[in-house]
Structure formats: structure tokens, C-alpha cells
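See structure below.
For the single chain, residues carry numbers from 1 onward in sequence order.
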Amino acid sequence: MTTEVSKALFVRLEALPGKADDLRSFLNKGLSIVEGEPKTVRWFAIQFGPSTFGIFDAFPDEDGRQAHLSGDVGKALGENTGVLFEPPTIEYVDVVAEKQPA
């Protein structure tokens, strides 16, 4: 059984010059962090262009979203801002409809 989601985050990350590969590796490592977060029920690391990346993650409720932001992922974003990427743009979004995974 899959969990329905109602809250999400969309984070846009712009790699600093020469750091796109490092940012891609950072995002791949992020998967292991969110696997330990039971309320992060959907998580995607995405790439828009050579140096522009993003994260989309979804949660069943606001408590899950806040736990995610105040946990290890939020800390990792803070520690790597100015090192791998410019200050991220973080958008809080509500999920209106979803297709459940098979």
C-alpha cells in the first residue's frame, strides 16, 4: 500500500562554476538520507541543464515536510550552500492530485 501525499517541496539548485559533477554526486548521496525518513514518501533529484538541478519531494502532511527540512537533508543543504551551489530556492507546494505508484 502506498501513502497519499498532500504536501511537497520543490528546491532549485544552481551549481557554482565547475561544481556540477559534485552537485550531481551530492544529490545521489541524498537518496540514502531520505530513505531513512519514513514521512518522505516521494523523492526525486532532477537536472534541468548543465548546471541547474532540483529536488522534488512529497509528504503525507505538514509534519513530514517540517521533519524533512529540520533533519539531515536541511543541514546538508545549509552546509553546501556557497560550496557546491548558490543559495537554493525552496518552494512549499500543496499536492492537488497524484498518480499512485504501481
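- Looking at Ile33 and Thr40, their side chains never come closer than 4.5 Å, going by heavy atoms from C-beta outward.
- Ionic pairing of Arg12 and Glu91 is not present here: no N-O contact between side-chain nitrogen and carboxylate oxygen is shorter than 4.0 angstrom.
- Under a hydrophobic-cluster definition in which Ile, Leu, Val, Met, Phe, Trp and Tyr are linked whenever side-chain heavy atoms come within less than 4.5 Å, directly or via other members, Tyr92 and Phe59 are assigned to the same cluster.
- Here Asp57 contributes atom CG and Arg65 contributes atom CZ; the two are 9.5 Å apart, rounded to the nearest 0.5 Å.
- In this structure, CG on Leu16 lies 10.0 Å from CG on Asp22, to the nearest 0.5 angstrom.
- A distance of 9.0 Å separates CD of Glu86 from OG1 of Thr52, quoted to the nearest 0.5 Å.
- The aromatic ring centroids of Phe26 and Phe85 lie less than 6.0 Å from each other.
- Heavy-atom minimum distance, Glu4 versus Glu98: CA-OE2, 3.2 Å.
- Note that CD1 of Ile46 and CZ of Phe53 are 10.5 Å apart. Values are rounded to the nearest 0.5 Å.
- Looking only at side-chain heavy atoms (C-beta outward), Ser6 and Asp94 stay at 4.5 Å or farther from each other.
- Val93 is not connected to Val34 by any chain of hydrophobic side-chain contacts under 4.5 Å among Ile, Leu, Val, Met, Phe, Trp and Tyr, and they are in different clusters.
- With respect to the salt-bridge test (charged N to carboxylate O, under 4.0 angstrom), the residues Asp61 and Lys39 qualify.
- We find the CD-CG distance between Glu79 and Asp72 to be 9.0 Å, quoted to the nearest 0.5 Å.
- At a threshold of 4.5 Å between non-hydrogen side-chain atoms, the residues Ile55 and Leu9 do not count as touching.
- Here the shortest heavy-atom pairing between Leu27 and Gly54 reads CD1-O, 4.5 Å.
- Distance CG/Leu77 to CG/Leu84: 10.5 Å, rounded to 0.5 Å.
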Subject >> Residue pair Arg42, Val5: steps toward the side-chain contact (heavy atoms from CB on, under 4.5 Å) verdict >> reply: CA-CA 8 Å; Arg42 313 279 191 283; Val5 298; 4.2 Å; yes
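- Both Leu23 and Leu31 are part of a single hydrophobic cluster, where members link through side-chain heavy atoms under 4.5 Å apart.
- Using modelled atom types, one finds a donor on one side chain and an acceptor on the other under 3.5 Å when comparing Ser51 with Glu14.
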